Amino acid sequence: MTGFDPGRLAPPEGFRRIARRLERAGHEAWAVGGSLRDAFVQQIGGGADPKRADWDLATDARPDEVMDLFPRTVPVGVSHGTVGVLDGGVLYEVTTFRRDIETDGRHARVVFASSIEQDLGRRDFTVNAIAWRPASGQVRDPYDGLADIESGILRAVGDPGARFREDYLRVLRGFRFAGRFGWAVELGTDAALREAVDGLAVLSAERVREELLKVLGDLKPSAGLDLYATRGALAHWYPEMLGLAADRDAWLTALGAVDAVPAQTLNVRLARLVVSAADTPEGRAGVAEALLSRLRFSNADRRHVTRLARLFLPFVGPTGSAAEHRRWLASAGKAWEDVFALHFAGARAEEAERAEQAERYLEATRERVRREWLEAPPLSLADLAVKGDDLLSLGVSPGPLVRLLLDELLEQVLEDPGRNDRGSLLGEARRLIEIGALTEASRPGRGSGPPPRRR
Ligand code: ATP
Ligand code: MG
């Protein structure tokens, strides 16, 4: 193979130490999996993460033998043959050669195998079925994965239809790898992918979610996500996205905006995808809620993304008054920076000239809003210098009127934070009560934040 040189592979020192120890004890130690694949991808200039540390090992040593050989191990999946070995604070996965004896589309029953070739035979794609033995420099590549890396082709190991039916997660993994590296999907594999998408329904929500998060963590999630759409894989887990994906231009614009969100903030990337799928704050919040519940995201993540989706619009402008900015901050709270991130991503996804203009506009707005935020003005009822009890002691009877009065006082304080002192607020409350300014009918019912007035 032309561009590849196993002599230039540079796994971390910890990985080498573990491999040497296994070999000295009379075992085989092979590098396998994503880090080896990515290192080869890198050798020919492909876009793989150059700093991957998670090099996995495959060995003929049994889990108990591995645990005996190393002082610090973690039984990460001993029943599947995987022992975690700690070296220098890094956990390396050492897995005994395995082969599948029974599969049902989502789990496999595995038994230990005797050779690396058998072990490679159960792997999903040719590019993932390569092994390298540092002790001897040998490379095992029984399915020509290196040739596929060189040509940029994603191809299933063996009969693609059969491989997807064994484990439908491979369908989603395939989208991720092809998307991440910009590879073409081999024709037979592609046909089998399209046929297998109905099987995605049997997967657990957790595995589908983890796959989505891996795609969202890629430098540019758009390519992988577009394969979900073009191969018909949205229907079961992502039905809220079908409408958007049916409008090709809108879908590609939405994906471009997802790419433009920094990769470290997966929730913001997910929110960015969601906001393109509906037109109203409630619609967008509904999409977020449905999607994240279905995928069993944690309550914290679900609330965060739903909140961002709801807050997306109405947004603020740079020319508004300080009071308007405070009103917006009162509803956004500490999520305000994430909401800006959503809008910045949308701007960056525009054509160059408009992008620059839109970003300048946003910069100016964010600067003003940031200044306002750093002043730490009172923004919620909790920040008010008077409480419900103070109003009761003025003779207001317990009930909705208390809340109406507090809301009105907060409104005044958002307009002018200088008014937030107990004396003047109590005076103002007295005045409002005296003139009968507030009756229950005078203000619409509302939630905790002030109303999005004047926009
Ligand atoms: P990445 O780490 O970039 O997500 P990876 O290829 O390392 O990709 P892992 O899930 O870490 O993916 O799995 C390591 C290896 O185990 C894969 O390269 C592949 O050989 C094998 N593998 C993982 N999941 C499957 C699966 N569902 N079916 C078959 N082989 C799999
Ligand atoms: Mg991996």
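We count ligands from 1, going down the list as the structure has it; atoms in each ligand are counted the same way. Source: prediction; values computed, not measured.
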Quiz prompt | Polar side-chain atom of Glu65 near backbone of Arg62 as donor-acceptor pair, under 3.5 Å | solution = yes
Compute whether any side-chain donor of one residue and acceptor of the other, for [X] and [Y], lie under 3.5 angstrom apart.
X: Arg37; Y: Asn128; value: yes
X: Asp148; Y: Trp183; value: no
X: Ser136; Y: Gln138; value: yes

Self-check item: Passing option when Asp167 is tested against Arg207, Arg106, His107 for side-chain hydrogen bond (donor to acceptor under 3.5 Å, both in side chains)
Solution: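 Going through the options one by one, the only one that passes is Arg207.
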Quiz item: Salt-bridged, Glu240 to Arg294, with N to O below 4.0 Å?
Solution: yes
Exercise. Can you tell me which residues line ligand 1 if we count any heavy atom under 4.0 angstrom from one of its atoms, in chain and number order?
Key: Gly33, Gly34, Arg37, Arg52, Arg122, Arg123, Asp124, Asn128, Asp167, Arg170, Arg173, Arg176, Phe177, Arg180, Lys214
